[in-house]
Amino acid sequence: MKIAYLINDMYGIGGTVRTVANQTAALSSRHEVEIVSVFRHRDEPVLPVPPGVRLRWLVDTRDKEHVSTGEGGRPLHENDPRAGQPPELFPVEDGRGEQHSRLTDDRLAEFLTTTDADVVVGTRPGLNVIIARVGPARLVKVGQEHLTFEQHQEPLRRVMAGTYRDLDAFVTVTEADARTYSVRMPLPGVRLVAIPNSVPRPAFTTDGTNTRTIVSAGRLAPSKRHDLLVDAFSQVADEHPDWTLRIYGRGSQRGRLARQVRELGMQDRIWLMGAHPRVEEAWAQGAFAAVTSSEEPFGMTIVEAMRSGLPVVSTDCPHGPSSIIKDQQDGLLVPNRSASGIARGLSELMGNDPLRRRMASAALNDSERFDPSRVVRLHEQLFDELRLDKAQSGLIHLNSTQVPAARLAADDSIAMDEDLPGDPVPGPITGTGTEGFRAPAPRMEQPSSCLVEATGDGLTTLTFTEPPDSMVLSMPGERYTHVPDERGRVVIDPSVGHLTARAWDVMRVDGERSTAVEDVQIHQYGYPLRPEDTPELALAIPTRSAKGRLQLHVRRAAHHAEVEHVEVQDGLITVQGHLLGRTTPDPRARLTVRLRSASKVMREFSAPVAPDGKFTAVVDPSVVVRGGQGESERWELRLVLSDGSEATVGRHLPGVVGYKHIIEYPSVEVSPNQAYGSQVQPYYTVNDRLALMTSPLPPTLGVQATDVRPRHEGQLQMEVLLDKVLPEGAECAVEIVRGVGAGQRFPLHVTPARGADPTRLQGVLKRLGLDGGTSARSSWQLRFLVGPPGALDRVPASTVPGRTHRRWHHGGHVRSATVVPMDSGDVRVTVADVHVVDALRRRVF
C-alpha cells in the first residue's frame, strides 16, 4: 500500500521528526512511503531521510531576509498574499497556529484531495484536524498523538473532540494516555490504539563503564526540567569529582540553564553541548543517561539511550518512563520534580560500576521490544484492518494483490515469523488481534557510507563502504592525500606527519571529482583520556561542520597543559590543570599571559608544577590590564617551565571540540569605580586553547549639568559638566539620535575646570540646518558618549536641570536654545526664533 505521513517540518530536529523517520524507514521495506513536510526552512533535513522514502514539502520558508509581512505580521512566504492571512482549516489553537496561513490550508487541502496514497497519517493535532476535515472518505485517515491529553490546552481539546470523530483511527504512544482519551474524549467509531514509538538498533553501543560521563538529550524546554538535573548533579558533584554531565539539545531554556551553571560554578563539570544530528553518537560516549522531565508522552530519549546500552535514571512522570524502564533492572525511576531524588539516583549509578554494567546489559536486551521491525507490525495491522473496513463498506476496492497483510496465511514467514524469538510487542489498548504476536528479529539502523572511529590512542580510522580513489585532508594552503587500503580504510595518526593543529575538511576524490564526506557515523570511544596516562598531545577528533560535513580537528603539541578547572572568584582567576608527561616537580614554572597583537607585551604568574604534573596558577586581572583600562584585547596563555620550554594550555582530552560554545566563564571587573574600567574573561579559542579577553566596562560617570547656547553662524555651543574626573586619553562626544543630522557625532573637549568641578567639556554642533538668515524652530535628541578611543559608551543625563539661553539673532528676532532631560538618559534640545514685536504683543494682549 502507499502511506503518506504529514509532518509540520521534517527539516528540523526533535522527537516527532525522529519518530517519523523510524516509522517510515521500517514501512518502506514493504510499502511505498512518502513524508510530506508542510514547511521547508532549510536546504537539507538535519536528520537523513531513510532510503526509499520520498520527502516533499508544501511551502518554502527558506528566504527569511527579503520576506514582507501580511496580517498580524505573518511572513508572505513565496511572495503569496495568502501566506499573510490566518488559516481557516488549520486550528489556530494548535501551538503552531501562528506559522500556518491560508496558503498552508490550500496546499494541504490540495494534497489531501489529490493524493493517491491509501493511508494518510497526521503527526500533530492541527494536521490531524485538517485530515479529518478535508480528507476524502476513500483515504484511511490516521491521527497520531506525540504529546499527551494533559499537555493540550482546553481550547485545542474542544477542537480535537469536534473533529477527530471523522478520523478512522487515533494512535497514542502509551496505553495510559489511550485510557485518558477513552474517558475524557470519547471518539465513537474511531479506532483508539496505543502503539509505542520505535527506535532502530544503533550501529554501535557502549558498555556504560569507564567514561564517567552522564548524558542527557532533548529539547531545552520547561517540561524537560533540565534545571532540576543541573541542581541534582551539583549536589553530588563533590562526591564524584571525576564525573561530568553533558546536556545535548537546543531550546528556549538554554540561556537560563547557562546562568544556572555559572551561578553554581559548575562550568567545568556541566556542559551545554547544543543539538546533535545523530544522538546515538552522543549516547555512546556516556556511562548512563538522565531524563528529568515533569511530563513525558513516551520517552524517545529513554529508549534511544537503552538501545545504545545505557541504563537510564528517569523521573517517574506521566506517562512514558514507567512503561519503558524496569526499575532497578535496566534503570532507575526517581521521584518526579525532586532534585534531591534525582541526585540520589545519579549518585547511586555514579558510585557503583558493577550495577551500571548489569543495568547496561539489561537495557540492551529489554529495549529490543521497541525495534522498528517489531513495532511496525502494529501499524501495518492497523492500516490493513482499516482498509478492509473501508472495502467492506464499499468506499474502496481491494484487488487480489492488495490483500491486507494481517489476513495473510499463518505460514507466511514475512507476516508472522512465529518461529523467531522475541517478546510480545506492546499492543493496542482496544486490541487488533496482536495478543501473543511475535515479531521478527530486530534489524540494525541503515549504515552510513563512511564509519569514523576515534579511539583513545589518538588514531582516527575512516572506513568507506565504497572506497574513493583517494581521501584528502584540506585547509587553506595545505592538502594531504591518503589512499584507502584494500578494506577501504584510511588511518590518520596525528603523532606523525605535519598536520597543523587546526580543523581539516575531509574530501573524497573519485576520478576528477572531489566531494565533501557527509554521510558518516562517528564512533568515539576511549575518551575522556586520563592526563596521567597520556604522555603527549596528539589527537584527531572527528566532528561535523555546520553544514554536516566531516571534519578532523587535530590537537597536537610537543608540550601541553590540560585545563581541568577554572575558577573566577574574589576578583581573581584561578587555573588548575595537569602538565602531560611530567614526572618531576618544577616549583619555578609560571603561567604567561601574552598579548596576541604584540607578543612582547607579557604578564607572568607563578604556576608551580607538582611531581604528578598538576599545577595551579592565580591570575590577577588588574595586572593583566595594567595601563590599558578600557581597551579590547585578547591574551594567549602558556605554561613556561624553568628550562624555558613552553606548553600550550587548553582542554582536549575529553575528545570534545568547540568549548567556546559550551563553556562560558564569568568575567572580573577591574577599576569599576573609575570613569570607565575593564572586564577580564577567560574563554576558549576556536582551537580549544584557554585565553583571556579584556573589554571596556560601560562608563560609571554621569552628567551633572549641560548648557546649549545659540551662535550667529547657525551653530550651537555646548558645555557639559561631568561628575567624575576622566582618565588620561579618554574621548567624549555628543551624538544626534533624532532630528536633522541624525547619526552625526561631534567631539567634546576637556576645558579647564572651574573651582571644584571634576570635568568640564565643550564642543560645537554644526550643520544642523539652522540658516543664519531665516527664523527656525527645530528639536533634537542628543546622547553623550564617553570612553576609550573606539569604544565610546553612553553616559546618562536624566538628572540634569533644564535650562534656556537666548541671544539676539537677526532683524527683530531672538533665538532661544532650551535643553531638558529625558527619561532615557538623553537630552532634548529645542531651538526657536521669536520676533520681539510678536512676543510683546502676546504679553500685552
Side-chain angles (χ1 to χ4, degrees), residues 12-15 18 46-47 202 206 211-221 224-234 237 243-262 264 266-293 300-302 304-305 308 310 312-313 346 452 454 503 520-525 527-529 539 541-548 550-551 553 555 563 566 650-665 683-688:
I13 189 171
R18 296 201 304 275
V46 177
L47 297 178
T206 181
T211 70
R212 299 294 188 267
T213 300
I214 305 171
V215 178
S216 181
R219 286 182 301 110
L220 304 184
K224 301 301 182 181
R225 295 311 305 264
H226 290 100
D227 58 322
L228 291 178
L229 177 59
V230 169
D231 190 9
F233 181 84
S234 68
W243 282 79
T244 57
L245 168 63
R246 299 183 188 181
I247 301 176
Y248 290 87
R250 58 171 170 244
S252 62
Q253 298 297 296
R254 181 183 173 89
R256 179 174 297 180
L257 289 172
R259 288 193 298 273
Q260 183 183 2
V261 171
R262 286 197 304 271
L264 293 170
M266 298 296 292
Q267 298 95 328
D268 296 302
R269 304 284 302 279
I270 302 176
W271 298 345
L272 303 180
M273 305 294 292
H276 200 301
R278 300 292 292 270
V279 73
E280 69 274 9
E281 297 172 2
W283 298 127
Q285 297 180 44
F288 67 91
V291 177
T292 53
S293 303
M300 277 287 288
T301 55
I302 298 176
E304 289 172 345
S308 293
L310 296 187
V312 181
V313 174
L346 299 180
V452 184
V520 297
Q521 288 178 334
I522 299 176
H523 186 193
Q524 184 173 303
Y525 53 93
Y527 291 90
L529 305 179
L539 306 174
I541 303 173
T543 65
R544 293 176 181 82
S545 69
K547 295 183 178 181
L550 178 63
Q551 291 183 324
H553 291 254
R555 302 291 185 251
V563 175
V566 177
R651 192 185 289 267
H652 306 305
L653 300 190
V656 173
V657 299
Y659 285 104
K660 64 181 298 182
H661 303 297
I662 297 173
I663 297 178
E664 182 180 352
Y665 296 114
Y683 76 103
Y684 288 97
T685 69
V686 68
N687 291 325
D688 298 318

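Note that the numbering runs from 1 along the sequence shown for the chain. Only heavy atoms go into these numbers, but all of them, side chains included; no hydrogens, no water, no symmetry mates. What you are looking at is a predicted structure, and each value in this text was computed from that prediction instead of being measured.
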Check: What heavy-atom pair brings Val563 and Tyr684 nearest, and what distance separates the two atoms?
Finding: CG1-OH, 3.6 Å

Next item on the list: Begin with the C-alpha distance, continue with both residues' side-chain angles, and end with the deciding distance and a verdict on side-chain contact (heavy atoms from CB on, under 4.5 Å) for Ser293 and Lys224.
Entry: CA-CA 4 Å; Ser293 303; Lys224 301 301 182 181; 3.4 Å; yes

Notebook entry, point to check: When rounded to the nearest 0.5 angstrom, what distance separates NE2 in His226 from CG in Leu228?
Noted result: 10.5 Å

Notebook entry, point to check: Is there a donor-acceptor pair under 3.5 Å between the side chain of Ser308 and the backbone N or O of Ala284?
Noted result: no

Note to self: Closer than 3.5 angstrom, by distance alone: can the side chain of Thr292 be matched with the main-chain N or O of Arg225 as a donor-acceptor pair?
What the structure shows: yes

Next item on the list: Would you give the length of the straight line joining atom CG of Asp688 to atom CD1 of Ile662, rounded to the nearest 0.5 angstrom?
Entry: 8.0 Å

Notebook entry, point to check: Is Gln524 close to Val452 at the side-chain level, that is, under 4.5 Å between some pair of heavy atoms?
Noted result: no

Notebook entry, point to check: Hey, mind stepping through Val566 and Gln267 against side-chain contact (heavy atoms from CB on, under 4.5 Å) and telling me if it holds?
Noted result: CA-CA 8 Å; Val566 177; Gln267 298 95 328; over 6 Å; no

Notebook entry, point to check: Between Leu539 and Leu529, is any pair of side-chain heavy atoms under 4.5 Å apart?
Noted result: yes

Next item on the list: Would you mind reporting whether Gln521 and His523 have side-chain heavy atoms less than 4.5 Å apart?
Entry: no

Notebook entry, point to check: Passes side-chain contact (heavy atoms from CB on, under 4.5 Å), Trp271 versus Val261? Steps please.
Noted result: CA-CA 9 Å; Trp271 298 345; Val261 171; over 6 Å; no

Check: At what distance, to the nearest 0.5 angstrom, does CZ of Phe288 lie from OG1 of Thr211?
Finding: 9.0 Å

Notebook entry, point to check: Say you draw a straight line from CD1 of Ile270 to CZ of Arg246; how long is it, rounded to the nearest 0.5 Å?
Noted result: 13.5 Å

Next item on the list: Count the heavy atoms of every other residue, nucleotide or ligand shown that sit under 6.0 Å from CZ of Arg651, and state whether that count exceeds 12.
Entry: yes

Checklist line | Minimal non-hydrogen separation, Arg555 against Ile541, with atom names | finding: CG-CD1, 4.3 Å

Checklist line | Close side-chain approach of Pro277 to Val46, heavy-atom, < 4.5 Å | finding: yes

Margin query: When you compare the side chain of Glu281 with that of Arg544, does any pair of heavy atoms fall below 4.5 Å?
Written below: yes

Note to self: Ignoring hydrogens, what is the shortest heavy-atom contact between Asp231 and Ser234? Give both atom names and the distance.
What the structure shows: O-OG, 2.6 Å

Item checked: Which atom of Gly15 lies closest to which atom of Met300, heavy atoms considered -> O-CE, 4.5 Å

Item checked: Heavy atoms of other groups near Arg250 CZ, more than 12 under 6.0 Å -> no

Notebook entry, point to check: Taking C-beta and beyond as the side chain, do Pro654 and Tyr659 meet within less than 4.5 Å on heavy atoms?
Noted result: yes

Checklist line | Which atom of Ala290 lies closest to which atom of Leu229, heavy atoms considered | finding: CB-CD1, 3.8 Å

Margin query: Could you tell me if the side chain of Tyr525 sits less than 4.5 Å from the side chain of Thr206, heavy atoms only?
Written below: no

Item checked: Exercise: identify the closest heavy-atom pair between Val520 and Arg278 -> O-NH1, 3.5 Å

Margin query: As a test of understanding, state which of Val656, Ile522, Val657 forms a side-chain contact (heavy atoms from CB on, under 4.5 Å) with Thr543.
Written below: Val657

Item checked: Distance, nearest 0.5 Å, that separates CD1 of Ile247 from CG of Leu220 -> 7.5 Å

Checklist line | Side chains of Asp227 and Gln253 in contact at under 4.5 Å (non-hydrogen atoms) | finding: no

Margin query: Whether the side chain of Arg212 engages the backbone of Thr244 through a donor-acceptor N/O pair (distance < 3.5 Å, no angle test) should be reported.
Written below: no

Next item on the list: Under the side-chain contact (heavy atoms from CB on, under 4.5 Å) rule, what do Tyr527 and Gln285 come out as? Steps first, then yes or no, please.
Entry: CA-CA 8 Å; Tyr527 291 90; Gln285 297 180 44; 5.8 Å; no

Check: Quick one: CD1 on Ile663 to CG on Asp268, what's the gap to the nearest 0.5 Å?
Finding: 5.5 Å

